Amino acid sequence: MLPTAGPPPEGPGWAVEIKWDGMRALVVAGPGGVQVSSRSGREVSSSFPEIRALAHVIGSRSVVLDGEIVAIGAGGQPNFVRLQNRIQRTRLTTALLRDVVTLNAKRPTRARLRPCS
C-alpha cells in the first residue's frame with residue numbers, strides 16, 4: 001500500500017503508521033538466499049548486503065516480507081539523504097520488515113493486527 005496524504009481515517013478497522021522516509025522493499029528469503037526488490041520491482045540486493053543475514057534467521061522456511069529500508073541519522077530520525085548515500089557507498093541501514101506476505105508459501109490472511117500493550 002502506498003501512503004496517502006491527508007488526515008488519517010477514523011473508526012474501527014484502520015491503523016496508522018508513521019512515514020519512515022525510506023525505500024519500500026519486498027524481501028524474499030529462504031534456503032536459496034535473500035532477494036530484495038524495490039517498489040518498482042528492481043532487484044537491489046547488492047545495495048543492502050546486511051539484509052542477507054536474514055537467510056540465516058529464516059533457516060529452512062521461506063518468507064516474503066514487505067517493509068521499508070531506512071537509514072537512521074543523528075538523533076535516531078530517518079534520513080532519506082543518508083539512505084541515498086548508503087545505496088552508493090557502505091553505510092548501515094535498518095530494514096523495517098513489518099508485513100508477512102507469505103510464510104512457507106501460505107498467506108497469513110487470518111492473522112489480525114493487535115495493538116501493542
Side-chain angles (χ1 to χ4, degrees):
M1 292 179 272
L2 292 175
T4 303
E10 294 181 19
W14 291 97
V16 177
E17 296 180 15
I18 69 165
K19 182 178 183 316
W20 284 100
D21 208 15
M23 184 186 91
R24 188 73 180 263
L26 189 69
V27 177
V28 179
V34 175
Q35 180 178 347
V36 183
S37 301
S38 69
R39 183 178 67 188
S40 66
R42 187 170 52 98
E43 209 283 326
V44 294
S45 301
S46 63
S47 295
F48 304 102
E50 64 272 30
I51 297 176
R52 290 186 203 141
L54 186 59
H56 182 72
V57 174
I58 297 300
S60 62
R61 295 170 291 205
S62 61
V63 66
V64 177
L65 302 165
D66 179 24
E68 195 147 354
I69 298 171
V70 298
I72 304 298
Q77 301 297 316
N79 185 312
F80 190 71
V81 172
R82 186 177 173 117
L83 178 63
Q84 288 176 316
N85 290 337
R86 165 57 180 89
I87 292 170
Q88 297 165 5
R89 297 186 197 102
T90 304
R91 289 187 188 216
L92 184 62
T93 58
T94 301
L96 303 169
L97 304 170
R98 58 187 174 267
D99 298 318
V100 178
V101 179
T102 65
L103 177 60
N104 293 329
K106 295 180 182 172
R107 293 181 59 87
T109 55
R110 296 191 193 276
R112 295 179 50 93
L113 181 63
R114 295 188 184 111
C116 296
S117 52

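The model shown is predicted, which means the values in this text are computed figures rather than measured ones.
Checked by atom type and distance alone, the side chain of R61 pairs as donor or acceptor with a backbone atom of V57 at under 3.5 Å.
Nearest heavy atom pair, residue S60 against residue P31, reads O-CG, 3.6 Å. Closest approach of E68 and D21 over heavy atoms only: OE2-N, 3.8 Å. The two atoms that bring A55 and G30 nearest to each other are CB-O, 4.2 Å, heavy atoms only.
Remark: L26 engages V64, D66, V101 in a side chain to side chain contact (heavy atoms under 4.5 Å, CB included) (not counting sequence neighbours). Residues that satisfy the side-chain hydrogen bond (donor to acceptor under 3.5 Å, both in side chains) test with E43, not counting sequence neighbours, are S45. In this structure S40 satisfies the side-chain hydrogen bond (donor to acceptor under 3.5 Å, both in side chains) test together with S38, sequence neighbours excluded.
Atom CD1 in I51 sits 3.5 Å away from atom CD1 in I69 (nearest 0.5 Å).
You'll find the side chain of V34 stays beyond 4.5 Å of the side chain of I58, heavy atoms only.
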